[in-house]
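So you know, we letter chains A, B, ... as the sequences are listed, proteins then strands, and number each from 1.
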Amino acid sequence: MNRLWNDLTAGIVKENPVFRLVLGLCPTLAVTTALMNGFWMGMASTFVLTMSNIIVSLLRKVIPEKIRIPAYIVVIATFVTIVQMAMHAFLPDMYNILGIFVPLIVVNCIILARAESFAGKNPVLNAAADGIGMGLGYTIAVMLIGGIRELIGTANLVFFGKALFGAGLPFPPAVIMILPPGAFFTLGVLLAILNAMHQRSKSASSTVQ
Amino acid sequence: MNFVAILIGGLLINNYVFSRFLGLCPFVGLSRKLETATGMSMAVVFVMTVASAVSWLMQRLILDPLGLGYLQTITFILVIASLVQLVEMVVQKLSPTLYQALGIYLPLITTNCAVLGVAILNIQSNFTFAESVFNGFASALGWSLAILLFAGIRERLELADVPEAMKGFPTALVGTGLMSLAFFGFQGLFKDLFIR
């Protein structure tokens, strides 16, 4: 039970796929022009990650070692197609905004990396926990980036169709933040802040010892 | 005329790294040295051009006539994965020197989203066969331009005095952001040739 909990929480902070492992950069930067885009991209990736982890883990003794990567890719591509069809049917607006990055979940390195390094070697429950944890960690990261970009770029935040700050915050929106360069700046600065925090806590703990 | 638009679109206006956000993992990962960047660029140009041709044929000759459009994602990724394997074997047999140069980069290309991205974008833009192949080539050239320029900058950054927390990824990302800002200046260029 304890191990399951560890597997679940590892992906959220300690091994966060975006901030710690720096995987899957393309969708992370491309779709985070707004908080909700980040949310749905995160949800779609979480679903694919969890389901592919479960199937890969169930089949781990059946799939021959040599062809495991193509086999994993087919499993992942199947779930991506499911997500693509479901989104097209139920969230057509979001499907159009995310565009090409929905089918591109297939080549998101996070998913293949988890299948290869975790799900292929662990029992089903742990693999599912790992998928959910990693997915949530990813969702939190893209929502954070999307939120920051939307907040500075439009001086407002829209959450499930509701503007959180009414008429907008009292500063002129910096449009550059919702354009491509803003994505690079936001993630770069966020990573630098996290690095600085990490170093501070490390040097603090070393002086205590 | 169309080809000129595709070329300029792929190189400058819709540059894969700076405005479409495709192929970022190898862009950040392999831009530390000019040498690795050159190797990866050659491999990408080669694979993206061939992948554009093959995926277009798959879509128009097999998936469309049979009404299997929903299998696009699965088909394309499998085609690209096996294509990369095939290219690796052929290059190894035909030109050991080229294989030496590209060898380690070829397997990495399967998970390069620029390749799958160009295949899907070609279909979405309703390109003809020749346009698809040319678009694959031009986009790959744009990607190469980006990584080569950036590798040059990064080699100098290695020697710069950067704050401890900014070392590595943060510097790379902020640097890419600045370059992306510069490339953003091309957006207004050729308004009527703009390809979406």
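Of all residues spanning residues 131-142 of chain A, none has a heavy atom less than 4.5 Å away from chain B's heavy atoms. Interface with chain B: from residues 96-104 of chain A, residues I100(A), F101(A), P103(A), L104(A) qualify, criterion being any non-hydrogen pair under 4.5 Å.
The two residues C26(A) and G23(B) have their closest heavy-atom pair at SG-N, 3.5 Å. Residues A77(A) and I77(B) share a closest heavy-atom pair of CB-CG2, 4.1 Å. Among all heavy-atom pairs drawn from V189(A) and V174(B), the shortest one is N-CG2, 4.4 Å. Minimum heavy-atom separation, A192(A) to M166(B): CB-SD, 3.2 Å. Taking both residues in full, the closest heavy atoms of N195(A) and K167(B) are given as ND2-O, 4.3 Å, listed atom of the first, atom of the second, then distance.
In this structure F39(A) satisfies the ring-ring contact (aromatic ring centres under 6.0 Å, His included) test together with F160(A), sequence neighbours excluded. Partners of R60(B) under the salt bridge (Lys or Arg N to Asp or Glu O under 4.0 Å) rule, at least two apart in sequence or in another chain, are D64(B).
Rounding to the nearest 0.5 Å gives a distance of 9.5 Å between CG of L25(A) and OG1 of T176(B). A distance of 10.0 Å separates CG of L187(A) from CG of L24(B), quoted to the nearest 0.5 Å. Atom CG in L190(A) sits 10.5 Å away from atom CG in L173(B) (nearest 0.5 Å). Interatomic distance, I76(A) CD1 to T73(B) OG1, rounded to the nearest 0.5 Å: 13.0 Å.
Within 6.0 Å of CD on E35(B) lie no more than 12 heavy atoms contributed by other residues, nucleotides or ligands. Counting non-hydrogen atoms of other residues, nucleotides and ligands closer than 6.0 Å to CZ of R60(A) gives a total above 12. Residue-environment remark: OH (Y95(A)) exceeds the threshold of 12 foreign heavy atoms within 6.0 Å.
Of the two parts of M85(A), only the side chain, counted from C-beta on, holds a non-hydrogen atom closer than 4.5 Å to a non-hydrogen atom of chain B. At a 4.5 Å heavy-atom cutoff, the contact between I74(B) and chain A is made by backbone and side-chain atoms alike. With a 4.5 angstrom heavy-atom cutoff, I193(A) does not touch chain B via any of its atoms. Of the two parts of I69(A), neither the backbone nor the side chain holds a non-hydrogen atom closer than 4.5 Å to a non-hydrogen atom of chain B. Residue T186(A): no heavy atom, backbone or side chain, is found under 4.5 Å from chain B.
The residue among G117(B), A182(B), S180(B), G168(B) with the most heavy atom pairs within less than 4.5 Å of chain A is S180(B). Of the listed residues (V74(A), V80(A), L179(A)), the greatest number of heavy-atom pairs within a distance under 4.5 Å of chain B belongs to L179(A).
Aromatic ring centroids of F21(B) and F184(A) lie under 6.0 Å apart.
Proximity of T81(A) to L71(B): side-chain heavy atoms (C-beta onward) are nowhere separated by under 4.5 Å. Counting heavy atoms from C-beta on, the side chains of P180(A) and F184(B) come closer than 4.5 Å.
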request  = Please step through side chain to side chain contact (heavy atoms under 4.5 Å, CB included) for the pair L178(B) and F185(A), ending with a clear verdict.
outcome  = CA-CA 8 Å; L178(B) 289 172; F185(A) 294 146; 3.9 Å; yes
